[in-house]
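Here is the structure we will look at.
All of these numbers come straight from a predicted model, not from anything done at the bench.
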Amino acid sequence: MKIGISAFAGDAGKSGISQYMINLFRRFPEHGTEDEFVLFMSESDRPHFPVEHERVTIVTSPDWVGKPIINILWHLVMLPLALRRHRCDVVFMPAANRRLSWWYGRPSVGTVHDLSQLHVEGKYDPLRMYYVTRLLPRMMKRLDQVVSVSEATRRDLESFVGIAEGATEVVYNGADLGNFKPMDKDACRERMAETLGIQPPYLLYTARLEHPGKNHVRLLEAFAQLRESTDFPHQLVCAGSDWQGAEVVHARVEELGLADQVCFPGFVPNEDLPALYAGADLFVFPSLFEGFGIPLLEAMASGTPVCASNVSSIPEVVGEAGLLFDPDNSTEICETIAKLLKNDALRAKMVDGGLERSQHFTWDDAARRVIELCHRTADR
């Protein structure tokens with residue numbers, strides 16, 4: 001069977017959706033042993049998807065095709081033609097909460113990662129909000145098979161989009177357990193100091209600097225309270241690229257007088273991420289909404305204790321392996337961080353629980369199940 005795949009809307013490898021694409025594309029040939037794959041993407045995205053296999057064909061378009069409005073039109077008009085030209089039997093849309101078509105001319109499978117626009121006020125500008133709340137849901141309903149990365153997203157699909165109960169398959173994301181694993185903490189800290197200028201000890205949050213969705217501001221306020229009420233020497237590391245609203249985050253650092261205690265290393269390459277996680281004393285994840293939350297798995301697999309928001313899919317991913325807090329309450333965030341830092345036994349319990357929990361989420365399982373769904377949908 002030949003599977004056509006839209007690899008657009010991947011944020012140049014800098015988002016959770018792009019990590020989803022990268023990890024699945026690498027594994028598809030292994031789990032679809034008799035399948036062929038045709039990936040459609042922009043020329044500049046080619047380096048971010050290092051898929052080299054005799055059964056994988058890469059079809060690139062000029063970068064201007066990747067511009068949002070043009071790319072939406074490309075999916076509506078050109079994608080069905082491209083699928084026909086390459087004689088694809090089924091199409092897989094790995095970013096179905098960003099790009100879809102109205103009609104494909106063959107069976108379709110699409111993964112919806114989240115409907116965060118329903119939960120975070122002011123997440124996007126008005127034009128994009130109209131697209132993601134009015135147009136995309138109608139196209140989601142036209143998919144032959146909808147895939148959700150969590151039960152939380154599945155519930156949103158049923159209640160808001162109108163997908164019939166039981167019609168969505170939940171296929172969890174994973175962590176690359178070969179890369180994210182416990183390592184020598186001192187060696188990792190030394191490496192982070194040399195490569196990123198991060199001085200230990202440190203608390204870590206990995207997410208693009210997006211306001212208000214990623215909730216950096218309340219984390220900063222909680223960290224300021226922590227510095228005032230305790231003698232912890234920790235630095236706060238917020239790793240991620242500047243995104244919409246990043247200026248608000250940087251301004252709040254100055255207002256709180258934390259310029260010397262908060263480090264913004266920017267986007268951290270994949271080769272440095274395992275050491276960044278393993279060198280942290282604590283991973284804090286205060287996001288206001290997540291369709292899944294891949295960094296939680298990466299931190300747990302690295303042997304780093306986790307505390308995180310008690311909203312959306314986050315409790316579903318963390319289970320009993322981390323402490324949860326109200327992301328709207330900076331004092332509660334501060335108290336949860338302090339509780340973990342003060343209690344060695346509790347921290348050790350969270351480390352053990354996180355290591356065990358992370359083993360249940362693998363990219364191999366996700367890739368295998370998506371391939372199975374493509375086959376099942378084509379047969380149906």
Side-chain angles (χ1 to χ4, degrees), residues 3 5-7 9-33 35 37 39 41 45 47-53 55-56 58 92-97 109-114 145 147-154 169-183 206-207 268-274 276-278 283 285 290-304 306 313-314 316-319 321 354-376:
I3 304 174
I5 303 172
S6 168
D11 299 323
K14 295 183 179 181
S15 69
I17 290 180
S18 66
Q19 292 305 307
Y20 176 83
M21 292 182 184
I22 291 168
N23 281 285
L24 259 60
F25 296 170
R26 284 176 180 167
R27 292 165 173 82
F28 276 169
E30 178 183 349
H31 294 280
T33 55
D35 297 321
F37 304 88
L39 275 62
M41 65 182 70
D45 279 341
H48 303 295
F49 299 107
V51 184
E52 302 293 342
H53 196 279
R55 288 185 282 111
V56 176
I58 306 293
F92 174 53
M93 307 296 292
N97 53 304
V109 178
T111 299
V112 177
H113 297 265
D114 66 67
Q145 177 64 64
V147 178
S148 165
V149 297
S150 66
E151 291 290 344
T153 296
R154 180 190 60 77
E169 288 276 351
V170 176
V171 178
Y172 287 119
N173 290 336
D176 189 342
L177 302 178
N179 286 324
F180 296 98
K181 55 191 175 183
M183 296 186 286
T206 57
V268 177
N270 287 337
E271 57 266 25
D272 290 326
L273 270 179
L276 179 65
Y277 280 114
F283 182 73
F285 199 70
E290 292 292 329
F292 186 83
I294 294 172
L296 291 164
L297 285 185
E298 295 172 342
M300 290 191 291
S302 301
T304 299
V306 166
S313 65
I314 297 173
E316 191 178 338
V317 176
V318 174
L355 288 170
E356 193 277 332
R357 179 81 176 162
S358 64
Q359 304 303 307
H360 297 284
F361 301 87
T362 70
W363 288 119
D364 283 302
D365 284 343
R368 175 182 52 79
R369 289 199 60 199
V370 168
I371 292 294
E372 289 175 353
L373 285 171
C374 286
H375 278 265
R376 189 193 310 170

Applying side chain to side chain contact (heavy atoms under 4.5 Å, CB included) to Ala367 and not counting sequence neighbours gives Leu24, Arg27, Phe28, His31
Any donor-acceptor pair under 3.5 Å from Thr304 side chain to Tyr277 backbone | yes
Do the side-chain N and O atoms of Asp35 and His375 include a donor-acceptor pair separated by under 3.5 angstrom?
-> yes
Side chains of Met21 and Met41: closer than 4.5 Å at any heavy-atom pair?
-> no
Reported CD1-to-CD1 distance for the pair Ile3 and Ile371, which is rounded to 0.5 angstrom = 4.0 Å
Side-chain heavy-atom pair Ile5, Pro94 within 4.5 angstrom cut-off | yes
Is Thr111 close to Val171 at the side-chain level, that is, under 4.5 Å between some pair of heavy atoms?
-> no
Arg55 (side chain) donor-acceptor with Gly32 (main chain) under 3.5 angstrom = yes
Tell me, do Phe92 and Leu373 make a side-chain contact under 4.5 Å, heavy atoms counted?
-> no
Any Lys/Arg nitrogen of Arg154 or Glu151 sitting under 4.0 Å from an Asp/Glu carboxylate oxygen of the other?
-> yes
From Ile294 CD1 over to Phe292 CZ, what is the distance, rounded to the nearest 0.5 angstrom?
-> 7.0 Å
Measure the shortest side-chain to side-chain distance between Met183 and Pro274 over non-hydrogen atoms and say whether it is less than 4.5 angstrom.
-> yes
Less than 4.5 Å apart, any side-chain heavy atom of His360 and any of Tyr172?
-> no
Classify the angle between the aromatic ring planes of Phe25 and Phe49 as parallel (below 30°), tilted (30 to 60°) or perpendicular (above 60°).
-> tilted
Measure the shortest side-chain to side-chain distance between Ser313 and Thr153 over non-hydrogen atoms and say whether it is less than 4.5 angstrom.
-> no
How would you list, by chain and number, every residue that makes a side chain to side chain contact (heavy atoms under 4.5 Å, CB included) with Pro269, sequence neighbours excluded?
-> Glu271, Asp272
Under 4.5 Å between any side-chain heavy atoms of Asn173 and Asn23, yes or no?
-> no
